[in-house]
Amino acid sequence: MADGESKPTLRLMIVDDSNIIRRRIERSQQIERLEVVGAASNGREAVELFRRTRPDVVTMDLTMPEMDGVECVQELVAIDPDVLILVVSALADKATAVDAIEKGANGFLCKPFTDRQLNDALEELLSET
Amino acid sequence: MLKEAEIRTFIEGATNYFEVSAQQSATVGSPYLVTDGNPGAYEYTGVIGISGARKGIVYFTAPRGMLTVLLMRMQETDTSDENIKDLVGEVANTISGNARRDFGKNFVISVPVVIAHDVDKVTAPHDRSYVIPINWRTHSAKLVVCLE
């Protein structure tokens, strides 16, 4: 059996205020290993959805209304320290990426991204499982 | 007032967006300064408020035709008005966010405000704005940078 076939399906929550980005992530090839359990368009909605659905993996935008992504990362990690979080953001300065990682994110993908870059980032994230 | 290197940051952000998202290059015309407070707009505009170390706005404005084809290049089949508005806001957000690579963390960007079907509502907060013309396929758009 190939290595990929033996790995369990993981539950994914997508957090982004852009519907287009949410749909792009849903279409990712890597999604075969992931079951999308929900999508949220701001941090506050994401925390509520996270409590209800308990996903294993989260993709997280940073610039969002209501509650920004860094604050949301902190809240999700406080609820479940084992959750894997990939930040997907246009904020390209190093300080922001470092801040997100220090708050508990596991990876950072800068927008704009190609499908290949998204797949590679998700694959790297899932290799931690 | 923007320095030449700062304008280049936005030019690179705009060209990179098309290169990566649409997998097709855009060309940029010579940036020019508008001093009458009216840099102009197309049918859809995504406006980002800038605060922190710099204050003002950055907006990306484009016609529906360009945004529709851009969506399709991104494998998005839903080209509804809602998604077109979403896209124009996301382009503005991405270019502005990428500018933090050079401007730093204190270049604070807002969530996008989208103005559609009403070009008169698109206004600049100061008289002086830099306009970066963007040409992609047969379409024209503008990136407008208006910072103190």
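Every heavy atom of this structure was used, including side-chain atoms; hydrogens, water molecules and symmetry mates were not.
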Original post:
Above 12 or not: heavy atoms from other molecules or residues under 6.0 Å from NZ of B:Lys55?
Top reply: yes
Subject >> A:Ile85-A:Ile101 co-clustered via ILVMFWY side chain contacts under 4.5 Å >> reply: no
Original post:
Roughly how far apart are B:Ser21 OG and A:Asp115 CG, rounded to 0.5 Å?
Top reply: 10.0 Å
Original post:
Can A:Leu62 be reached from A:Val98 by stepping across I, L, V, M, F, W or Y side chains whose heavy atoms are under 4.5 Å apart?
Top reply: no
Subject >> Considering all heavy atoms, the nearest A:Ala90-B:Asn98 contact >> reply: O-ND2, 2.8 Å
Subject >> Side chain / backbone / both / neither for B:Glu19 at chain A, heavy atoms under 4.5 Å >> reply: neither
Original post:
With respect to chain B, which residue among A:Lys94, A:Met64, A:Arg27 yields the maximal number of heavy-atom pairs within a distance under 4.5 Å?
Top reply: A:Arg27
**OP:** Could you please state which residues from residues 124-148 of chain B sit under 4.5 angstrom from chain A, measuring non-hydrogen atom to non-hydrogen atom, sorted by number, or 'none'?
**Re:** none
**OP:** Could you check A:Cys110 against B:Arg101 for side chain to side chain contact (heavy atoms under 4.5 Å, CB included), going step by step and ending with a plain yes or no?
**Re:** CA-CA 11 Å; A:Cys110 193; B:Arg101 190 174 286 126; 3.9 Å; yes
Subject >> Path from B:Ile50 to B:Val114 over hydrophobic side-chain contacts below 4.5 Å >> reply: yes
**OP:** Return the option, out of A:Thr63, A:Asp16, A:Ile20, with the maximum number of heavy-atom pairs under 4.5 Å with chain B.
**Re:** A:Ile20
Original post:
What closest approach, in Å, do A:Ala92 and B:Arg100 show between heavy atoms, and which atom pair accounts for it?
Top reply: N-CB, 4.4 Å
Original post:
Can you tell me how far the CG atom of B:Asn93 sits from the CG atom of A:Leu91, to the nearest 0.5 Å?
Top reply: 7.0 Å
Original post:
Rounded to the nearest 0.5 Å, how far does CZ of B:Phe103 lie from CG of A:Asp93?
Top reply: 12.5 Å
Original post:
Would A:Met67 and A:Leu49 show up in the same hydrophobic cluster when neighbours are defined by side-chain heavy atoms closer than 4.5 Å?
Top reply: yes
**OP:** Side chain from CB out, backbone as N, CA, C, O: work out which of these in A:Asp99 comes under 4.5 Å of a heavy atom of chain B, or both, or neither.
**Re:** side chain
**OP:** Evaluate the side-chain proximity of B:Val20 to A:Gln117: yes if any heavy-atom separation is below 4.5 Å, no if none is.
**Re:** yes
**OP:** Might you confirm whether atom CD of A:Glu124 has over 12 heavy atoms from other residues, nucleotides or ligands at distances under 6.0 Å?
**Re:** no
Subject >> Portion of B:Ser96 that has a non-hydrogen atom of chain A nearer than 4.5 angstrom >> reply: neither
Original post:
If contact means a heavy atom pair closer than 4.5 Å, which residues of residues 68-92 of chain B contact chain A?
Top reply: B:Leu71, B:Met74, B:Gln75, B:Glu76, B:Thr77, B:Asp78, B:Asn83, B:Asp86, B:Leu87, B:Glu90
Original post:
Which answer fits A:Ile21, side chain, backbone, both or neither, if we ask what part of it has an atom under 4.5 Å from a heavy atom of chain B?
Top reply: side chain
Subject >> Per-residue contact mode, B:Asn16 against chain A (heavy atom under 4.5 angstrom) >> reply: both
**OP:** Flag yes if A:Val83 and A:Ile79 sit in one hydrophobic cluster, no otherwise; membership is Ile, Leu, Val, Met, Phe, Trp, Tyr, and two members link when side-chain heavy atoms are under 4.5 Å apart.
**Re:** yes
